[in-house]
Undergrad: 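Sharing a structure with you now.
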Amino acid sequence: MAGSWRHLNLKIAQNARIFSTTRQQNDSKDSWLSKLLVRKIEPTKESHSRMLSDKEVIYGLQTHNFRADSRDEYIANIKRKVDWTKAQSQLSDKLELSASWTVSVGDQDQALHLWKYTGGFEAIDNANELFAHDEDFKKLINDENKLVRSRHLQYLLAFSYWPAIVPRPGNHIYEIRSYALKPGTMIEWGNNWARAINYRQNNAEAYAGFFSQIGRLYNVHHIWCYKNLNARKETRESAWRSPGWDECVAYTVPLIREMHCRILNPTSFSPTQ
């Protein structure tokens with residue numbers, strides 16, 4: 001009997017040590033996490049999109065994976081689609097191409113086209129109505145169908161704290177860094193990047209910043225403009241030398257579920273070069 005009690009007391013002591021160690025680990029983890037969370041997000045009756053974006057402008061980001069043997073034909077067909085859009089008086093002040101790129105590093109045989117809708121979702125509805133009934137446009141889409149392997153469309157809003165989207169003259173490369181965030185963290189992301197963007201203005205590399213409204217949700221796209229890959233390297237290294245940039249990165253990294261980047265080259269008809 002005495003042996004059984006000794007065994008039981010040893011077991012209780014062992015469990016107590018395990019519990020104490022686990023609690024210390026959890027306390028340490030909680031302390032570490034508390035440093036990463038900038039602030040608690042209070043409940044609000046205002047939509048997060050309205051809090052993050054103050055523009056009645058919606059962007060459509062089309063991502064096309066085209067057949068490797070049809071690149072030139074595909075690009076030519078997109079050019080015809082852009083020309084058709086410009087010729088439509090109903091769309092003249094509602095829809096325009098902001099940028100058109102092909103991917104050089106990342107998902108190759110891929111193109112991205114950024115369209116700007118002025119007038120909110122009503123402008124999109126009106127444009128879609130025209131697309132559905134215009135025979136010339138339907139032919140362009142039928143031709144496109146033969147040249148692509150897959151397509152994806154997202155409707156995006158621009159972050160209000162990001163610099164205005166301005167076409168760039170000359171020759172540049174662009175980088176799109178795409179983030180899938182944890183649901184419920186968009187406001188935290190915006191709060192941190194409203195400060196972080198100030199560290200990325202030395203070479204006017206910030207081109208556009210978006211978050212998704214329709215399509216893949218809790219998606220963020222940051223688009224950067226550089227003279228070349230070496231300029232990209234030097235600009236990014238310069239940011240790390242700025243006091244405060246590392247803190248912004250530390251706050252935002254835990255909000256990310258997945259991320260990837262692609263290097264883009266403008267097409268010949270892209271408004272931004």
Undergrad: Around Asn171, counting heavy atoms of other residues, nucleotides and ligands shown, do more than 12 lie under 6.0 Å from its CG?
TA: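 No - once you tally the heavy atoms of other residues, nucleotides and ligands closer than 6.0 Å, there are 12 at most.
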Undergrad: More than 12 non-hydrogen atoms from neighbouring residues, nucleotides or ligands closer than 6.0 Å to CD on Gln201, yes or no?
TA: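 Yes, CD of Gln201 has more than 12 neighbouring heavy atoms, counting only those of other groups under 6.0 Å.
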Undergrad: Going by atom types only, do Arg195 and Asn198 share a side-chain donor-acceptor pair under 3.5 Å?
TA: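 The answer is no; no qualifying pair exists.
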Undergrad: Taking Glu237 first and then Lys233, would you say they form a salt bridge - that is, a charged N and a carboxylate O separated by under 4.0 Å?
TA: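 Yes.
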Undergrad: Judged by atom type as modelled, is there a donor-acceptor pair below 3.5 Å linking the side chain of Lys182 to the main-chain atoms of Pro254?
TA: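 A pair under 3.5 Å: yes.
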Undergrad: Hey, what's the ring geometry for Trp224 with Trp193, parallel, tilted or perpendicular (30° and 60° as the breaks)?
TA: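 Plane angle between 30° and 60°, so tilted.
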Undergrad: Keeping the roles fixed (side chain from Thr85, backbone from Lys81), state whether a donor-acceptor pair exists under 3.5 Å.
TA: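 Yes; at least one donor-acceptor contact below 3.5 Å.
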Undergrad: Main chain of Arg67, side chain of Tyr74: is a donor-acceptor contact present, judged purely on distance under 3.5 Å?
TA: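 No.
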Undergrad: Could you check whether atom NZ of Lys86 has more than 12 heavy atoms from other residues, nucleotides or ligands sitting under 6.0 Å from it?
TA: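 Open: at most 12 neighbouring heavy atoms sit under 6.0 Å from NZ of Lys86.
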Undergrad: So does Pro183 get a backbone contact from the side chain of Arg257, meaning a donor-acceptor N/O pair under 3.5 Å?
TA: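 No; judged by distance alone, with no hydrogens or angles, the pair does not exist.
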Undergrad: Can you name the nearest heavy-atom pair linking Ala158 to Phe210, along with the distance?
TA: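 Here Ala158 and Phe210 meet closest at CA-CD2, 3.7 Å.
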Undergrad: Taking Asn203 for its side chain and Glu205 for its backbone only, find out whether a donor-acceptor pair lies under 3.5 Å.
TA: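 Not at all, since once roles are kept as given, no pair shorter than 3.5 Å links the two residues.
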Undergrad: Tell me whether the centres of the aromatic rings in Phe137 and Trp84 are closer together than 6.0 Å.
TA: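 Yes, close enough.
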Undergrad: Quick check on the hydrophobic clustering: are Val249 and Ile197 connected, directly or via other members, by side-chain heavy-atom contacts under 4.5 Å?
TA: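 Both belong to a single hydrophobic cluster.
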Undergrad: So, for Ser212 and Leu156, which heavy atoms are closest and what is the spacing to 0.1 Å?
TA: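 The answer is CA-CD2, 3.6 Å.
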Undergrad: If we ignore angles and hydrogens, is there a donor and acceptor under 3.5 Å between the side chains of Ser178 and His260?
TA: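 There is no such pair (donor and acceptor under 3.5 Å, judged by atom type) between the side chains of Ser178 and His260.
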Undergrad: Check whether Gln154 reaches the backbone of Arg216 with its side chain - one donor and one acceptor, N or O, closer than 3.5 Å.
TA: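 Checking the backbone N and O of Arg216 against the side chain of Gln154, a donor-acceptor pair under 3.5 Å is found.
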Undergrad: Same cluster or not: are Leu140 and Leu153 linked, directly or through other Ile, Leu, Val, Met, Phe, Trp or Tyr residues, by side-chain heavy atoms under 4.5 angstrom apart?
TA: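 Yes; Leu153 is reachable from Leu140 via cluster members.
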Undergrad: On the ring face of Trp245, is Arg236 found with NZ or CZ under 6.0 Å from the centre and within 45° of the axis?
TA: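 That pair does not qualify as a cation-pi contact.
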Undergrad: Specify the closest pair of heavy atoms between Pro266 and His172, including all atoms of both residues, with the distance to one decimal.
TA: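 Scanning both residues completely, I find the closest heavy atoms to be CD-O, 3.4 Å.
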Undergrad: Would you find a donor on one side and an acceptor on the other, under 3.5 Å apart, between the side chain of Gln273 and the backbone of Ser270?
TA: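 Side chain of Gln273 to backbone of Ser270, a donor-acceptor pair under 3.5 Å: yes, one is there.
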Undergrad: Determine the sole option in Tyr226, Tyr174, Trp162 for which the ring-ring contact (aromatic ring centres under 6.0 Å, His included) test with Tyr207 is passed.
TA: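 By the ring-ring contact (aromatic ring centres under 6.0 Å, His included) criterion, Tyr207 pairs with just one of Tyr226, Tyr174, Trp162: Tyr174.
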Undergrad: State whether a side-chain donor-acceptor pair under 3.5 Å links Glu73 with Asn77.
TA: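 Glu73 vs Asn77: no donor-acceptor pair found between side chains.
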Undergrad: Would you please say whether a donor-acceptor pair under 3.5 Å links the side chains of Tyr179 and Thr252?
TA: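 No donor-acceptor contact under 3.5 Å links the two side chains.
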